[in-house]
Amino acid sequence: MSPVLTAPAEAPPAPRERPGYLAVGSATFLGYLFTAILGLIVVLLASSAGIGLIQEPGTGRGLFAHYDIWSWAAEACVALLVVPATALMVGHQLRTRTGWEVGFGTLVLTLLFAGYAPGLALTPLYGATGVVSLLVATVILRRAARPSGGEPRTALGQLPRRLRRPVAIAVAVAVPLMAVYVLGYAVTHPLQVGDSPRAAYARDAGALERFPLDLYNGGHATVTELSIVRVEGSPALQLERAGVPVRSFAWDRARAPEPREWPLRPLSVAELGSDRDGDQIELELRQGSICPPGLASLDAVWVRYTVLGMRHEQRLPLVRGPAVRCR
């Protein structure tokens with residue numbers, strides 16, 4: 001019997017080399033960048049329609065000023081829309097540029113952990129903290145990456161088959177509802193405060209001071225029936241009244257009244273029209289008998305108003321509010 005010759009068995013293919021940190025980091029950065037560009041387009045479109053989605057600089061972190069459950073809910077809805085969109089963008093860039101992929105759920109959790117998906121880190125320190133966030137996301141995503149084809153291509157494909165239909169229906173209903181809520185909140189809370197120089201008054205218990213406050217309407221709907229319901233800050237400055245000054249001028253400067261002597265019309269007569277229409281109101285403040293040592297300032301005012309036939313309240317932080325140097 002002749003011996004049977006057998007071909008040597010082929011060696012198994014070598015595992016694909018894991019992509020480097022630079023490749024994963026650049027793919028993650030591009031995903032962030034494209035999401036930010038998409039978000040900018042949405043903001044510009046909303047702004048052209050008279051819907052302000054960005055608060056004034058210096059008034060806090062995030063898209064909206066946070067002061068009640070409705071503002072926090074609007075911010076949460078933005079996060080629930082932005083983070084999954086960013087995860088889709090980052091996942092697409094990873095597959096395209098590295099040939100590796102990360103599950104959609106892992107991507108979402110990574111971006112939430114990193115905490116700086118586009119639109120959620122509007123802070124003066126974003127230039128520094130954004131770099132830290134990108135490095136953290138890069139390290140996590142590189143460790144979680146698998147060769148392309150190991151994970152289902154679609155987000156729904158990663159769920160058990162029995163859950164795909166109800167989840168798809170829930171997403172189709174929840175996404176439009178959250179978007180409508182965010183836009184509705186922005187439409188009904190359009191007030192903004194202009195940037196004014198800080199007014200520092202000398203300490204004089206019982207003295208009356210006038211502080212000009214520029215109110216702006218960032219939307220298209222007219223705002224009427226304004227009133228200030230409360231203020232926040234040190235007891236050294238207490239709100240006496242608020243109104244619209246009736247400015248008067250005279251040829252003889254000696255007879256012209258001082259700005260603090262101008263009469264005030266009721267604030268309810270003010271009417272803020274559409275598209276950045278503004279008016280200067282004045283707060284008449286009385287220095288209280290209590291003045292803790294240091295700089296006592298007025299931090300925010302709560303304004304009640306009517307817009308689109310509905311009554312709303314909005315907290316307006318004063319970036320450079322009036323202050324008294326207490327001894």
* **Pro190 side chain reached by Gln314 side chain, heavy atoms, under 4.5 Å** => yes

* Asked: Is Thr96 reaching over with its side chain to a backbone N or O of Gln93, donor-acceptor style, under 3.5 angstrom?
  -> no

* Evaluate the criterion side chain to side chain contact (heavy atoms under 4.5 Å, CB included) for residue pair Leu94 and Glu101; output intermediate values, then yes/no. => CA-CA 6 Å; Leu94 283 172; Glu101 61 186 358; 5.8 Å; no

* Structure fact -> All heavy atoms of Ser227 vs all of Leu267, minimum pair found to be CA-CD2, 3.9 Å

* Asked: Under a 4.5 Å side-chain heavy-atom rule over Ile, Leu, Val, Met, Phe, Trp and Tyr, are Met310 and Trp70 clustered together?
  -> yes

* Asked: With sequence neighbours left out, which residue pairs that include part of residues 299-308 fulfil the salt bridge (Lys or Arg N to Asp or Glu O under 4.0 Å) condition?
  -> Arg304-Glu313

* **Pair listing, salt bridge (Lys or Arg N to Asp or Glu O under 4.0 Å) test, anchored in residues 157-184, at least two apart** => none

* Quick one: sort the His189 and Tyr185 rings into parallel, tilted or perpendicular, breaks at 30° and 60°. => parallel

* Is it true that a side-chain atom of Ser47 and a backbone atom of Val43 form a donor plus acceptor pair closer than 3.5 Å? -> no

* Mind checking the OG1-CG spacing from Thr28 to Leu141? Nearest 0.5 Å is all I need. => 5.0 Å

* To do: Would you indicate whether the side-chain heavy atoms of Leu30 and Arg97 approach each other to under 4.5 Å?
  => yes

* To do: With sequence neighbours excluded, tell me which residues meet salt bridge (Lys or Arg N to Asp or Glu O under 4.0 Å) with Glu240.
  => Arg286

* Only one of Val269, Val303, Ile281 passes side chain to side chain contact (heavy atoms under 4.5 Å, CB included) with Leu226; say which it is. => Val303

* Asked: Any link between Leu109 and Val102 through a network of hydrophobic side chains (Ile, Leu, Val, Met, Phe, Trp, Tyr) touching at under 4.5 Å?
  -> no

* To do: Taking salt bridge (Lys or Arg N to Asp or Glu O under 4.0 Å) as the test, write out the residues that go with Arg325, two or more places apart.
  => none

* Structure fact -> Between Phe113 and Ile140, the two heavy atoms sitting closest are CD2-CD1, 3.6 Å

* Same apolar cluster: Val244 and Leu239, side chain cutoff 4.5 Å -> yes

* To do: Could you tell me whether the side chain of Glu209 reaches within less than 4.5 Å of the side chain of Pro322, counting heavy atoms only?
  => no

* Report the C-alpha separation of His92 and Phe34 in whole Å, then their side-chain angles, then the decisive distance to 0.1 Å, and conclude whether the side chain to side chain contact (heavy atoms under 4.5 Å, CB included) test is met. => CA-CA 11 Å; His92 174 73; Phe34 291 149; over 6 Å; no

* To do: List the atom of Pro84, the atom of Ala79, and the distance in Å for their closest heavy-atom pair.
  => CD-O, 3.9 Å

* Any chance CD1 of Ile290 has more than 12 other-residue heavy atoms, nucleotides or ligands included, within less than 6.0 Å? -> no

* Asked: With a cutoff of under 4.5 Å between side-chain heavy atoms, which Ile, Leu, Val, Met, Phe, Trp and Tyr residues group with Tyr21?
  -> Val139

* Structure fact -> Closest non-hydrogen atoms of Cys77 and Met178, given as atom of the first, atom of the second and distance, are SG-CG, 3.8 Å

* Asked: Less than 4.5 Å apart, any side-chain heavy atom of Gln287 and any of Leu237?
  -> yes

* Structure fact -> d(Thr106 OG1, Phe104 CZ) to nearest 0.5 Å is 10.5 Å

* Taking all non-hydrogen atoms of both residues, which atom of Leu308 and which atom of Ala221 are closest, and how far apart? -> CD2-CB, 3.6 Å

* **Worked verdict on Leu213 versus Leu318 for side chain to side chain contact (heavy atoms under 4.5 Å, CB included)** => CA-CA 9 Å; Leu213 181 66; Leu318 305 179; 3.6 Å; yes

* hydrophobic_cluster_shared for Trp72 and Val182, side chain cutoff 4.5 Å -> no

* Asked: Has the side chain of Thr98 got a donor or acceptor atom that lies under 3.5 Å from a matching backbone atom of Arg95?
  -> no

* Asked: With a cut-off of 6.0 Å (strictly less than), are more than 12 heavy atoms of other residues, nucleotides or ligands near CZ of Arg311?
  -> yes

* Interatomic spacing from CG in Asn217 to CG in Leu191 - rounded to 0.5 Å -> 6.5 Å

* Quick one: which residue pairs count as a ring pair (Phe, Tyr, Trp, His ring centres under 6.0 Å) with a foot in residues 283-306, not counting sequence neighbours? => Tyr67-Trp302

* To do: Establish whether Tyr32 and Leu40 are linked, either directly or via other cluster members, by ILVMFWY side-chain heavy-atom contacts under 4.5 Å.
  => no

* Enclosure of Leu177 CG (heavy-atom neighbours >12, cutoff 6.0 Å) -> yes

* CG-CD distance between Leu208 and Gln238, expressed to the nearest 0.5 angstrom -> 11.0 Å

* Structure fact -> So CG of Asp68 and CZ of Arg315: to nearest 0.5 Å the spacing works out to 10.5 Å

* **Test side chain to side chain contact (heavy atoms under 4.5 Å, CB included) applied to Leu283 and Ile228, step by step** => CA-CA 10 Å; Leu283 306 180; Ile228 294 182; 3.3 Å; yes

* Asked: Taking all non-hydrogen atoms of both residues, which atom of Pro19 and which atom of Val24 are closest, and how far apart?
  -> CG-CG2, 4.0 Å

